[in-house]
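We count residues from 1, following the sequence as given. What you are looking at is a predicted structure, and each value in this text was computed from that prediction instead of being measured.
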Amino acid sequence: MLDRLNALYPVRYTALGLCAFVALLSLFTLVAFGVGGVWFLLFGALTLVGLWDLRQTRSSVLRNYPVIGHLRFMLEFVRPEIRQYFLESDTEAQPFSRAQRSLVYARAKGETDKRPFGSQLDMLSNGHEWINHSIAPTSLPTHDFRVRIGGPDCTQPYEASVFNISAMSFGALSANAIQALNAGAQRGGFAHDTGEGSISAWHRLHGGDLIWEIGSGYFGCRDDEGRFSEERFSANALDPQVKMVEIKLSQGAKPGHGGVLPGAKVTAEIAAARGVPEAVDCISPAAHSAFSTPLELMAFIQKLRALSGGKPVGFKLCIGHPWEWFAIVKAMRQSGVTPDFIVVDGAEGGTGAAPLEFTDHVGAPLQEGLRLVHNTLVGVNLRDRIRIGCAGKVVSAFDIARALAIGADWCNSARGFMFALGCLQAQTCHTGHCPTGVSTQDPVRQQALVVPDKAERVWRFHQNTLKALKELVQAAGLQHPGEISAHHLVRRVSDNEVRLLAHLLPTTSPGALLDDDAQGEHAVFTTWWRRARADTFAQA
């Protein structure tokens with residue numbers, strides 16, 4: 001019956017037909033009885049929408065299903081919220097689960113982070129990890145764990161917290177978000193990475209410690225042609241609020257990819273912070289222009305250290321071609337210049353927007369990248385001279401402990417502190433329509449983020465996370481998180497077998513790479529170490 005009816009009159013047009021019928025009926029009652037004007041306007045408008053649907057050429061769905069086809073787009077628009085609030089379990093959502101977000105929210109608000117009735121995790125599943133505890137736990141006087149950053153050529157070393165705010169630029173985040181992050185960092189005595197968007201007035205307002213990130217656009221230290229400017233660099237680097245300088249070689253979210261901030265988004269405030277013209281496209285090239293070889297990178301580090309008055313200078317990278325990283329290490333040996341620190345960014349890292357292929361399939365994950373950096377420095381006897389930081393989905397005390405076990409000295413977190421600000425993981429960062437005012441330049445939307453309240457939450461999240469880390473360190477019978485090693489963590493590898501991370505992850509013997517043959521070491525060294533040269537990023 002429906003098939004016959006559909007042959008005579010397409011049933012999919014029924015919604016449009018009903019709208020037209022009700023509109024005509026309402027017009028009749030309006031003319032005859034003086035009532036029904038609202039219904040006429042409503043269904044008349046829907047009828048016009050349906051007629052437009054039939055004539056437009058962009059959407060096949062709307063051409064075939066006028067009026068009612070819009071329901072499909074409405075449901076698609078609210079699908080993430082429906083899944084997040086009603087369908088997803090506490091442990092399945094990506095990139096961060098409801099359980100992870102709830103933990104941050106609770107610690108940021110000062111609410112209880114305790115969980116009743118046992119773990120929701122499947123401890124028998126492959127990949128489950130835990131830290132071994134001691135039958136003789138320690139008792140530590142403080143949770144304010146610090147690491148000293150600064151090599152032998154550094155005259156102003158920095159005592160950094162083991163947990164800091166990772167790189168997020170003003171422009172990607174709102175002015176209110178930057179203020180709240182920096183005010184929280186100032187109160188807690190931890191560091192706030194500026195991101196490559198440089199130091200804005202909002203970073204300076206509350207006086208929190210800054211790690212100044214310098215990307216390929218040299219924002220805040222560039223001349224009118226976009227090249228590095230020593231004078232403008234010194235003007236910012238000598239500011240007492242700047243504690244360290246970080247050269248960004250690549251980031252985990254989109255390594256090897258540049259960026260463009262459209263001129264329409266380059267406001268007067270952003271232009272002032274970055275040192276670029278207002279309302280003109282702001283370009284971050286994929287590669288640096290101040291250096292092109294590993295040896296030139298070392299010379300650049302040495303120059304920045306001198307221009308900053310001896311402050312710690314290092315670089316951030318996501319590991320890609322292993323021979324390029326090895327070439328940098330060989331340049332350290334050949335030049336005698338070493339960075340004070342290296343930050344390893346895992347491919348798990350996020351950003352306001354990145355091409356899907358880069359987000360999913362470019363760059364080494366944190367575990368592999370961090371372990372390679374640690375092992376290489378051990379192999380050339382430079383590990384004690386260079387501190388290693390890391391970033392990549394670090395939000396809990398166990399995340400920090402795990403990163404330190406793999407080889408880091410401290411951890412940075414971006415999205416964790418965004419959650420502390422009230423981020424809902426709406427994943428609309430690139431649209432300017434952030435519902436909580438965190439990642440938008442809309443002056444009305446960002447007013448929803450009240451700086452004093454959110455600064456308090458940033459501080460609480462940091463404090464409560466480190467208190468939890470202190471409890472883990474005590475339970476393991478240790479004195480400092482820096483003592484956590486791969487021998488303390490265990491991973492399930494099958495239904496009937498578990499292994500220490502120390503037996504699963506590759507290791508390198510101290511000094512094993514000094515003779516350049518790397519015999520007996522991991523295949524990445526025997527394959528690529530000899531092919532790396534200090535004077536080029538290309539393979540030998």
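Ring geometry for Tyr105 versus Phe419: interplanar angle over 60°, hence perpendicular rather than tilted (30 to 60°). Classification of the His522-Phe525 ring pair by plane angle, with boundaries at 30° and 60°, yields perpendicular.
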Are Val266 and Asp281 close enough, and set up right, to give a side chain to side chain contact (heavy atoms under 4.5 Å, CB included), and what steps lead you there? CA-CA 7 Å; Val266 182; Asp281 288 354; over 6 Å; no

One pair to check against side chain to side chain contact (heavy atoms under 4.5 Å, CB included): Glu324 and Ile328. What are the steps and the verdict? CA-CA 6 Å; Glu324 295 180 346; Ile328 293 174; 5.9 Å; no

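With rounding to the nearest 0.5 Å, the separation of NZ in Lys316 from CZ in Phe341 is 10.5 Å. Between the CG atom of Asn176 and the OG1 atom of Thr436 there is a distance of 11.5 Å, given to the nearest 0.5 Å. To the nearest 0.5 angstrom, Arg371 atom CZ is 11.0 Å from Thr376 atom OG1. For the atom pair OG1 of Thr142 and NZ of Lys470, the computed distance is 6.5 Å after rounding to the nearest 0.5 Å. Distance check: Gln120 CD to Arg115 CZ gives 8.0 Å after rounding to the nearest 0.5 Å. For the atom pair CE of Met418 and CG of Leu421, the computed distance is 7.5 Å after rounding to the nearest 0.5 Å.
Side-chain polar atoms of Lys254 and Gln251 form no donor-acceptor pair below 3.5 angstrom. For Asp209 and Tyr158, the side-chain atoms include at least one donor-acceptor pair closer than 3.5 Å.
Arg187 and Glu456 are joined by a salt bridge, as a carboxylate oxygen and a charged side-chain nitrogen come within less than 4.0 angstrom of each other.
The stretch residues 109-133 participates, sequence neighbours left out, in these ring-ring contact (aromatic ring centres under 6.0 Å, His included) pairs: His128-Trp130.
The two residues Thr194 and Glu213 come nearest to each other via the heavy atoms OG1-N, 3.1 Å. In terms of heavy-atom proximity, His462 sits nearest to Gly188 at CE1-O, 4.4 Å.
Between His203 and Phe170, a ring centre-to-centre spacing not shorter than 6.0 Å is recorded. Checked against the 6.0 Å centroid criterion, the rings of Phe417 and Phe163 qualify as a close aromatic pair. For His288 and Tyr218, the distance between ring centers is under 6.0 angstrom.
In this structure, Lys393 forms a cation-pi arrangement with Phe96, its terminal cationic atom sitting closer than 6.0 Å to the ring centre and no more than 45° off the ring axis.
With a 4.5 Å cut-off on side-chain heavy atoms, Leu377 and Ile342 count as touching.
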